[in-house]
Chemist: 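Below you will find the structure I want to go over with you.
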Amino acid sequence: MKMAPNGHLHLNLKTLFLLIGFIGFVPFVANAATVKRYQFDIQVKNVSRLCHAKPIVTVNGMFPGPTIYVREGDRVVINVTNYAQYNMSIHWHGLKQFRNGWADGPAYITQCPIQSGNSYTYDFNVTGQRGTLWWHAHILWLRATVYGAIVIMPMEGTPYPFPQPHMEVNLLLGEWWNTDVEQVVKQGEKLGLPPAMSDAHTINGKPGPLFPCSEKHTFAMEVEWGKTYLLRIINSALNDELFFAIAGHKMTVVEIDAVYCKPFTTQALLIAPGQTTNVLVRADQLPSRYFMATRPFMDVPIPVDNKTATAILQYKGIPNTVMPIMPQLPASDDTDFASSYNDKLKSLNTPQFPANVPQTVDRHLFFTIGLGRNACPTCLNGTKLIASLNNISFVMPKIGLLQSHFFKIKGVFKTDFPDRPPKSFNYTGAPLTANLGTSLGTRLSRIAFNSTVELILQDTNLLTVESHPFHLHGYNFFVVGTGIGNFDPTKDPSKFNLVDPPERNTVGVPAGGWTAIRFRADNPGVWFMHCHLELHTSWGLKTAFVVEDGKGPNESVLPPPKDLPPC
Ligand code: C2O
């Protein structure tokens, strides 16, 4: 473009095209989000495992359900139509749903369930996240069969911060009951006892050949010698923390809960319900058949299904008649392995993928985790098991909490959840067996927008110590510290890792120990937090945060979608 002698702009044709191209291009980029659409039909289907056929609730008749493939920056629109007799809601575990809790999914927290014969469209953007997450039913125990993987590819042209794998494979670890899971749970509630444990673990819905009738029900993946594979491993079990290993092969951990981490090599993984772990595996061993195996970590002798599920890693050209080799899994109570494994998890923390750990804390929270017994005249022993945070066992409301918050409906919940337990005691000391007076309530913590929060989750020995994988909706958090025994507010904070702590959405609080997490409350809404052991969640081990709106519409909860299910 040059100035004409008369002082007017003189555009030649080429410049004009360039200008139009440039002006037209900018808004185009701003709206470039690709829309990925999915249809989820909730249907009942007959499925057979361990010589038992039974009807199960599925998505599109698949078990596990379909994988959601998206790219960072995409908009995802998933229409869920419920053809089953159960009320349904689906949670996109780990997706932050910025200002958009309406798409989060936990029943009675962010929405009322989708009733039989009805539909609801989950509509959300995938912003600033890439990696492996998963989706699952978030009502009753229906996630036993209603779950699947979410794979978020990095933006076009952005490579992984590790060697490009030859192929990627999803491995969903799960549990299988021979009988109807909802009946199992009802029975447990009636008696006041834990429901019957699962009959098997599964890998991609299949228990593997160590179980009866399982020849057909074994997941196998074929590998070529010399190639590297990315395994996206998801713990979708209801109640078990799991070890996972592959015979003869080391794994390099590169990502946890859809956040890149500093790579490290290990023989075995520990993964809690709700968590995901991506590993690289190089097929560099003697071509043969190798078992991949999973079995629970049981640091305290609680009754869980301790049988080993297997899948097969098979080198190309090796016949199915070759007997696979079994891996060495850590002993079921190997707490040393568990803590040294967790110590190795560190955020990648590079300029491209920084760990933005809050360095100062606006709000200090200290929640005790308790298991206990409450009176229940109709139960088998006159008592029923109950679980609490700061001695409060959460009662599910009848109306979604997010609606109640947004439309200011009174009387649904209170925001007086205490910042610390009513009285301090020797949390992890000898069993107190005494119930400290667990109360029932729908009590939430109110958090100021954009404040930095530190939460210490402290296990107690009120009934027995146990490890608890805690999941926070709407956020990732940094796991700045963990320890065994009682948290010491004078000594422990000086040992916190505020540089490259692991960033995740679900963290295991060790049995008889504590875990410290930090996050910045920059996502307004009502966000559920609960133990991801379904057993404990149903006993009341849950609460929610009400994160207030900030200033103006860009820092406030979006209005609800028109098809939000009514209660
Ligand atoms: Cu994966 Cu509230 O759940």
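For ligands, and for the atoms within them, numbers begin at 1 and follow the listed sequence. Computed over heavy atoms, backbone and side chain alike; hydrogens, waters and symmetry mates excluded.
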Chemist: Is atom 1 (Cu) of ligand 1 less than 2.8 Å from an N/O/S atom of His93, whether that atom is in the backbone or a side chain?
Modeler: yes
Chemist: Could you confirm whether His91 has any N/O/S atom lying under 2.8 Å from atom 1 (Cu) of ligand 1?
Modeler: no
Chemist: Looking at Lys45, I want to see if its NZ is surrounded by more than 12 non-hydrogen atoms of other residues, nucleotides or ligands under 6.0 Å.
Modeler: no
Chemist: How far apart are the C-alpha atoms of His530 and His536, what are their side-chain angles, what is the distance that settles it, and do they pass the ring-ring contact (aromatic ring centres under 6.0 Å, His included) test?
Modeler: CA-CA 9 Å; His530 59 93; His536 295 166; over 10 Å; no
Chemist: NE2 (His138) to atom 2 (Cu) of ligand 1 to NE2 (His530): angle, nearest 10 degrees?
Modeler: 110°
Chemist: Tell me whether the guanidinium CZ or amine NZ of Lys54 lies under 6.0 angstrom from the six-membered ring centre of Trp176 and within 45° of its axis.
Modeler: yes
Chemist: Quick check: does His471 put an N/O/S atom under 2.8 Å from atom 2 (Cu) of ligand 1?
Modeler: no
Chemist: Decide yes or no on ring-ring contact (aromatic ring centres under 6.0 Å, His included) for His136 and His532, but give the supporting numbers first.
Modeler: CA-CA 12 Å; His136 60 80; His532 219 286; 5.2 Å; yes
